[in-house]
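What you see is a predicted model, and the numbers here were worked out from it, not measured in a lab. Chain naming here is simple, since letters A, B, ... match the order of the sequence lines and numbering starts at 1 in each.
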Protein chains: 2
Amino acid sequence: MDYSLILSNITKHINLYKEEEEYFISLLHYKRVKKRQYLLEEGEVNTKLTFVTQGCLRSYAVDKNGGEHVLQFAPPNWWIVDMRSFIKQEPARLNIDAIEDSEVIYIMKTDMDELQIQVPKFERFGRILAQNAMASYQHRQIDNVTLSAIERYTSFCHLYPSLILTLPQKQVASYIGVTPEFLSKMLNTVVIK
Amino acid sequence: MDYSLILSNITKHINLYKEEEEYFISLLHYKRVKKRQYLLEEGEVNTKLTFVTQGCLRSYAVDKNGGEHVLQFAPPNWWIVDMRSFIKQEPARLNIDAIEDSEVIYIMKTDMDELQIQVPKFERFGRILAQNAMASYQHRQIDNVTLSAIERYTSFCHLYPSLILTLPQKQVASYIGVTPEFLSKMLNTVVIK
DNA sequence: CGTTCGTCTTAATCTACATTAACTCTCCCT
DNA sequence: AGGGAGAGTTAATGTAGATTAAGACGAACG
């Protein structure tokens with residue numbers, strides 16, 4: 001199993017001694033996820049903090065008409081979680097599944113709690129991770145309320161420059177908050193052909 | 001100066017020794033803020049993490065037509081910050097001002113950084129604070145994409161039950177993402193008079 | 001290797017909410 | 001006390017984006 005990606009993700013923020021690193025690795029689980037396979041379904045409790053090493057996951061919410069609304073994409077080196085469900089251990093409102101065949105590493109909440117007690121540096125890591133996530137959501141919210149649909153599209157292109165090439169257009173539409181039909185129309189009328 | 005509110009906010013999550021508490025208090029600043037007075041303006045760097053003890057603050061973004069969009073209200077016992085600006089020390093996209101005459105306690109980022117090094121328990125506190133904030137933004141986002149305007153209004157009433165009584169309706173409208181005119185219409189047609 | 005399923009497109013129609021404008025009311029400010 | 005600004009209301013008209021429907025294309029699968 002290759003843990004280099006997750007270790008570099010963490011050691012960008014904190015330095016670990018060899019034994020701390022080994023202890024951390026002993027808590028990790030590795031999993032292959034097929035396209036469309038769920039890692040979390042609405043109503044379940046989100047017990048795992050998940051890190052993507054291959055492929056791409058997404059989290060999304062479903063409205064009462066069954067429409068799906070993507071909150072986040074997670075390409076390699078990104079974390080994904082329904083945070084309220086994770087910290088309060090209550091039913092999730094989000095679904096998490098794989099957009100393509102993927103590989104993830106996850107750690108159980110109970111192990112994470114223990115890890116943070118045993119190795120307080122992981123408190124710092126968790127803080128930085130959560131602060132970055134909060135900053136992202138704050139700015140996403142700003143984009144959503146201040147930008148038009150086409151501006152949100154270009155903002156998306158800057159945020160996920162690699163994904164825009166590989167992601168089905170309907171997933172992008174779902175993220176920026178329009179129908180696939182409308183995104184198609186925008187892209188084919190705004191751009192000079 | 002009365003630090004009991006901020007101390008109880010913190011000791012709900014971590015326990016402090018007397019000297020740690022004193023060190024923490026030595027880093028705090030107290031400030032009265034008049035209605036409409038800014039604590040942060042777009043383009044400035046957000047150097048302060050602010051805690052409200054009296055009154056009510058709000059953070060909001062401005063669109064290119066000058067429209068204001070409220071991201072968060074902060075009644076007593078709430079924290080408020082432009083997180084990206086705070087952690088990266090880059091220009092803020094948010095404005096923070098007082099909706100009514102208020103009193104706040106704030107701590108400088110540089111002091112917070114030092115505090116977290118000197119007293120690692122504050123890493124834990126910061127983590128919990130950021131995780132809760134992230135969870136709130138995630139759920140706000142879910143509400144925004146899955147609920148209609150009137151449903152967002154009732155969701156707001158549950159989130160800020162005390163504020164709904166004191167806040168000008170136009171501030172509520174700005175938070176839920178509709179014009180004051182439309183909120184007025186909704187409230188006077190949906191409810192049986 | 002044909003068929004079925006998912007993706008993308010185009011176009012007509014529809015709707016939730018915005019915009020504009022005008023009027024009222026209250027509550028400060030001097 | 002008078003007047004001006006901000007808050008709320010009502011109603012006409014406007015529009016960004018949804019919905020519905022239909023066809024074209026590619027790729028996955030038996």
Side-chain angles (χ1 to χ4, degrees), chain A residues 34-37 55-56 58 60-70 73 97-101 143-157 163-193, chain B residues 34-37 55-56 58 60-70 73 97-101 143-157 163-193:
Chain A
K34 298 291 271 181
K35 185 172 178 172
R36 308 250 157 118
Q37 188 182 338
C56 187
R58 62 170 185 161
Y60 66 94
V62 179
D63 65 33
K64 57 172 178 276
N65 303 317
E68 296 179 359
H69 304 267
V70 173
F73 294 111
D97 70 3
I99 292 178
E100 49 188 89
D101 291 356
D143 279 356
N144 284 346
V145 297
T146 60
L147 303 182
S148 67
I150 190 68
E151 289 167 331
R152 271 176 275 142
Y153 179 79
T154 58
S155 176
F156 178 89
C157 293
L163 281 187
I164 203 74
L165 303 168
T166 60
L167 224 45
Q169 228 176 73
K170 61 176 293 198
Q171 298 294 341
V172 178
S174 172
Y175 182 95
I176 67 175
V178 297
T179 56
E181 293 84 354
F182 188 69
L183 177 56
S184 170
K185 190 177 170 184
M186 279 199 300
L187 296 179
N188 294 323
T189 59
V190 170
V191 177
I192 304 107
K193 282 188 148 168
Chain B
K34 299 291 272 181
K35 184 174 177 171
R36 309 250 156 120
Q37 188 182 338
C56 188
R58 62 169 184 160
Y60 65 95
V62 179
D63 65 35
K64 58 172 178 274
N65 303 318
E68 297 179 358
H69 304 266
V70 173
F73 294 111
D97 70 3
I99 291 177
E100 51 188 89
D101 291 356
D143 279 357
N144 285 346
V145 297
T146 60
L147 302 182
S148 67
I150 189 68
E151 290 167 331
R152 271 176 275 142
Y153 179 80
T154 58
S155 176
F156 179 89
C157 294
L163 283 187
I164 203 75
L165 303 167
T166 60
L167 224 46
Q169 228 175 71
K170 61 176 294 199
Q171 298 295 341
V172 179
S174 172
Y175 182 94
I176 66 175
V178 296
T179 56
E181 293 85 351
F182 189 70
L183 177 56
S184 170
K185 190 177 171 184
M186 278 199 301
L187 296 178
N188 293 323
T189 59
V190 170
V191 177
I192 304 105
K193 279 187 151 166

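Axis deviation across the helix from dC1(C)-dG30(D) to dT30(C)-dA1(D) amounts to 40°, comparing end segments of five pairs, rounded to 10 degrees.
Here the closest heavy-atom approach between residue His69(B) and residue Ser174(B) is recorded as CA-OG, 3.5 Å. When all heavy atoms are compared, the tightest approach of Asp143(A) to Ser155(A) is OD2-OG, 2.8 Å. Residues Ala149(A) and Met186(A) approach most closely at CB-SD, 3.8 Å, considering heavy atoms.
As rounded to whole Å, 10 Å separates atom C1' of dC8(C) from atom CG of Leu183(A). In this structure, Ile99(B) atom CD1 and dA7(D) atom P are separated by 11 Å, rounded to whole Å. For the pair Glu151(B) CD and dA16(C) P, the interatomic distance rounds to 12 Å; values are reported in whole Å. Distance Leu167(B) CG to dA7(D) P: 11 Å, rounded to the nearest Å. Distance CD (Glu181(A)) to P (dA12(C)): 15 Å, rounded to an integer number of Å. Leu187(B) has its CG atom 10 Å from the P atom of dG8(D), to the nearest Å. The separation between Lys185(B) atom NZ and dT13(D) atom C1' is 11 Å, rounded to whole Å. Rounded to a whole Å, the NZ atom of Lys34(A) is 12 Å from the P atom of dA28(D).
Side-chain atoms of Asp101(A) come within 3.5 Å of backbone atoms of Lys35(A) as a donor-acceptor pair (strictly under, hydrogens ignored). Formation of a donor-acceptor pair under 3.5 Å by the Asn65(B) side chain with backbone atoms of Gly67(B) is not found in this model. Of the possible donor and acceptor atoms, none in the side chain of Gln171(A) sits under 3.5 Å from a partner among the backbone N and O of Pro168(A).
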- Message: One pair to check against salt bridge (Lys or Arg N to Asp or Glu O under 4.0 Å): Arg36(A) and Asp97(A). What are the steps and the verdict?
- Response: CA-CA 6 Å; Arg36(A) 308 250 157 118; Asp97(A) 70 3; over 6 Å; no
- Message: Please evaluate residues Tyr153(B) and Leu187(B) with respect to the criterion side-chain contact (heavy atoms from CB on, under 4.5 Å), reporting the C-alpha separation (whole Å), side-chain torsions for both, the decisive distance (0.1 Å), and the verdict.
- Response: CA-CA 9 Å; Tyr153(B) 179 80; Leu187(B) 296 178; 3.6 Å; yes
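Remark: Gln169(A) is in phosphate contact with dT9(C), judged by side-chain N or O atoms under 4.0 Å from OP1 or OP2. Contact annotation: Thr179(A) side-chain N/O to dA18(D) OP1/OP2 distance is under 4.0 Å. Checking the phosphate oxygens (OP1, OP2) of dC28(C), no side-chain nitrogen or oxygen of Arg36(B) falls inside 4.0 Å.
Between Pro168(A) and Ala149(B), the residue anchored nearer the 5' end of DNA chain C, judged by the nucleotide with its closest heavy atom, is Pro168(A).
The side chain of Phe182(B) lies closest to dC17(C), out of dC17(C), dA18(D), dC8(C).
Within residues 62-70 of chain A, no residue is approached by DNA chain D to less than 4.0 Å at the level of any non-hydrogen atom.
Aromatic ring pairs are classed by plane angle as parallel below 30°, tilted from 30° to 60° and perpendicular above 60°; the pair Phe73(B) and Phe156(B) is perpendicular.
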